[in-house]
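The sequence lines fix the lettering, A, B, ..., with proteins before strands; numbering per chain opens at 1.
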Amino acid sequence: MKIRFLFALVLSVLLVLLSGDDRKSSAETSGGKRLVRFQVVTIEESHAGRKVLSETTIEGPSGTDFNINLQTGRFKMQARFLTDLTASNQLKFRADLNTRRLYGNSPSNLPLYEEDQQKQTLEIGFDESIVLLPFGRNADAETLKIEITPAILSDQANESTLKINLGKQLASGEIYVEAFKIPHRFETEAVLLVDGQEAARGTVDNLLEEPGEIILQPNANAQPKVSGQPLKINLTAKDYKRNRPADMIAVNFNAFRDNLENNQKEMLIPEAAGVTTLGGELSYPLDEKYFSDGRKYELKFKIHLSKDEQTD
Amino acid sequence: MNCDKTEKISEMIDGELSPEETEELSQHIENCALCESARNDFLFFREQIKSLAEVSPSSVRQNTEQGLWKRFFKKRLEISFPVPVFALSLVIISVLGLWAWSVSRKDSPGKSVTEKQIQKNNSSDSQNIAETSLARFDGGGRAEIYTVKNQSVDGSAKQPGGVK
């Protein structure tokens, strides 16, 4: 009897452990830590054919970001790519392209620049590539292309596998690639305080540089007017900075009152911004914006890393 | 016993008196034994001096100098540096000087070759940089970004790489 009991106990422990591993692997598959490779190739394309000018390979866990920088005498480009592996095994690229070209001189003989910024979100499979034309298309002459081809190398990766392999490089050094790994997923908590007492609360999972909507749900202590006109906040985790003792995160948000009676939204805070430490508190006084009844209304935010993210 | 005209006797002998003074003094000498004795002595000494050999002052100086140098040099040669040793040291110094000069000549051609090589490399690097500079693609156009399907060499769609 005792032996049977022990056998059953061991078996159940084994079953629990095995099922835990399955959960972990499914979490990894749904956008967790897989080893991804990006091949960045600079190509000169003309009527004569294609010629490879430089080649760089980046390997790292999913969520590895990289910059492609190009600088000639008159032209400068910084292309930043935030990458994420989605649940559907696609790669999501959030591209931020900034260019600056010397145009000439002003009447005061000061330099004039032509600047451009483009932001695009591209979702591609591993049978596709991203093509970047820093100088645009040129049907009559040679065109410079930068091709970014992703691939998955393995199902397991850790933060320390980030590396850049430099293959063929330009003698002029006008193109250089840098890669880095920062957290992309955050959990944001927003609380409404009325005279220092919590009246409503909401949370949202944020992806870096993508807005997330927080609906502050009134609790039992909330006044009827607060319950009837709850706050909704659109918050974007804008920038993540490595820092000590704690990493910093910058946020942009706007807040509006959702009038449930007439189903109308009224903007209370059009554009607000703030910087806080990870896990720290960010306060924003609403003053008379929410209700002008003599009470003190205040918003407080707390931002944490998402459960599947880890910091240094 | 002294005569005050004795001092003029030498002047008379040297012809420095006027004819009247010479006549007067000659008459005095005939009557003065002291002056006659002084006149005889002065004449005697003059004769003695004339009898010595006549030589010019410059030749005396020249002979004296030559003699001095000869004596000095000869002494120095004989006492400090015997001639063969001196000659040998001169030869050694000359050889060393020639060697040092030749070494310095060898160095400068090497340096100039290196400098030329560096200049050549720099110019070839500059040429390479000019050829590969990306500025030649800049036609003033706007940057673009888009996606494409991967193509294999034979034109068929490329298979996704790595583990899915």
Side-chain angles (χ1 to χ4, degrees), chain A residues 34-37 39 42 44 53-54 70-75 77 79 81 89 93 95 97-99 101 103 114 116-118 120 122-138 140-155 170-175, chain B residues 95-164:
Chain A
R34 302 177 84 182
L35 187 60
V36 184
R37 182 186 67 199
Q39 198 171 27
T42 307
E44 173 186 341
L53 300 177
S54 73
L70 188 156
Q71 185 159 3
T72 66
R74 294 173 59 238
F75 180 82
M77 178 195 81
F81 295 89
N89 208 30
F93 283 82
L97 198 56
N98 288 278
T99 63
R101 183 185 279 113
Y103 187 75
E114 185 183 61
D116 185 27
Q117 186 187 31
Q118 300 178 55
Q120 277 198 50
L122 306 159
E123 205 161 313
I124 63 170
F126 289 95
D127 59 344
E128 293 174 278
S129 295
I130 288 177
V131 177
L132 171 60
L133 306 178
F135 303 107
R137 293 174 195 269
N138 194 344
D140 300 328
E142 306 121 334
T143 303
L144 184 73
K145 278 187 176 179
I146 300 175
E147 290 183 357
I148 304 160
T149 307
I152 286 195
L153 297 182
S154 79
D155 275 337
L170 279 171
S172 57
E174 288 164 315
I175 284 190
Chain B
V95 166
L96 285 172
L98 275 170
W99 174 78
W101 177 77
S102 65
V103 165
S104 65
R105 283 276 297 175
K106 276 181 191 171
D107 283 347
S108 45
K111 275 185 188 170
S112 66
V113 164
T114 306
E115 282 171 359
K116 280 179 192 170
Q117 216 162 18
I118 289 170
Q119 280 173 6
K120 189 181 171 188
N121 290 343
N122 283 345
S123 64
S124 66
D125 281 346
S126 305
Q127 194 181 355
N128 286 342
I129 287 169
E131 285 173 355
T132 58
S133 173
L134 303 180
R136 70 187 191 277
F137 297 104
D138 190 359
R142 194 185 187 201
E144 273 188 54
I145 186 165
Y146 56 91
T147 61
V148 291
K149 282 280 186 190
N150 293 338
Q151 295 290 325
S152 61
V153 174
D154 60 0
S156 58
K158 203 189 257 189
Q159 295 299 319
V163 177
K164 283 193 188 178

Test side chain to side chain donor-acceptor pair (under 3.5 Å) applied to A:E44 - qualifying residues, sequence neighbours left out: B:R136

Contacting region of A:I124 [heavy-atom separation from chain B under 4.5 Å]: side chain

Toward chain B, the part of A:I130 with a non-hydrogen atom under 4.5 Å: both

Closest non-hydrogen atom pair between B:K149 and A:D127, with its separation: NZ-OD2, 2.9 Å

Any residue meeting side chain to side chain contact (heavy atoms under 4.5 Å, CB included) with A:Y103, in chain and number order, not counting sequence neighbours: A:L112, A:E114

Residue part contacting chain B, namely of A:L122, when any heavy atom lies under 4.5 Å: side chain

Separation between CD1 of B:I145 and CG of A:L133, rounded to the nearest 0.5 Å: 9.0 Å

A:E142, part contacting chain B, at a heavy-atom distance under 4.5 Å: both

Interatomic distance, B:F137 atom CZ to A:E174 atom CD [nearest 0.5 angstrom]: 9.5 Å

Toward chain B, the part of A:E123 with a non-hydrogen atom under 4.5 Å: neither

Exercise: identify the closest heavy-atom pair between B:A143 and A:P134: CB-O, 3.4 Å

Part of A:I146 within contact of chain B (heavy atom distance under 4.5 Å): neither

Proximal component of A:A141, with respect to chain B [non-hydrogen, under 4.5 Å]: neither

Charged tip of B:R142 within 45° of A:F75 ring normal and under 6.0 Å: no

Segment of A:T99 engaging chain B (4.5 angstrom heavy-atom cut-off): side chain

Top contributor to chain B contacts, counting heavy-atom pairs under 4.5 Å, from A:I148, A:T72, A:L97, A:N138: A:T72

Nearest-0.5 Å distance, CG of residue B:L134 to CZ of residue A:F135: 6.0 Å

Contacting region of A:T42 [heavy-atom separation from chain B under 4.5 Å]: neither

A:E147 CD to B:T147 OG1 distance, which is reported to the nearest 0.5 Å: 12.0 Å

Contacting moiety of A:R74, where chain B heavy atoms sit under 4.5 Å: side chain

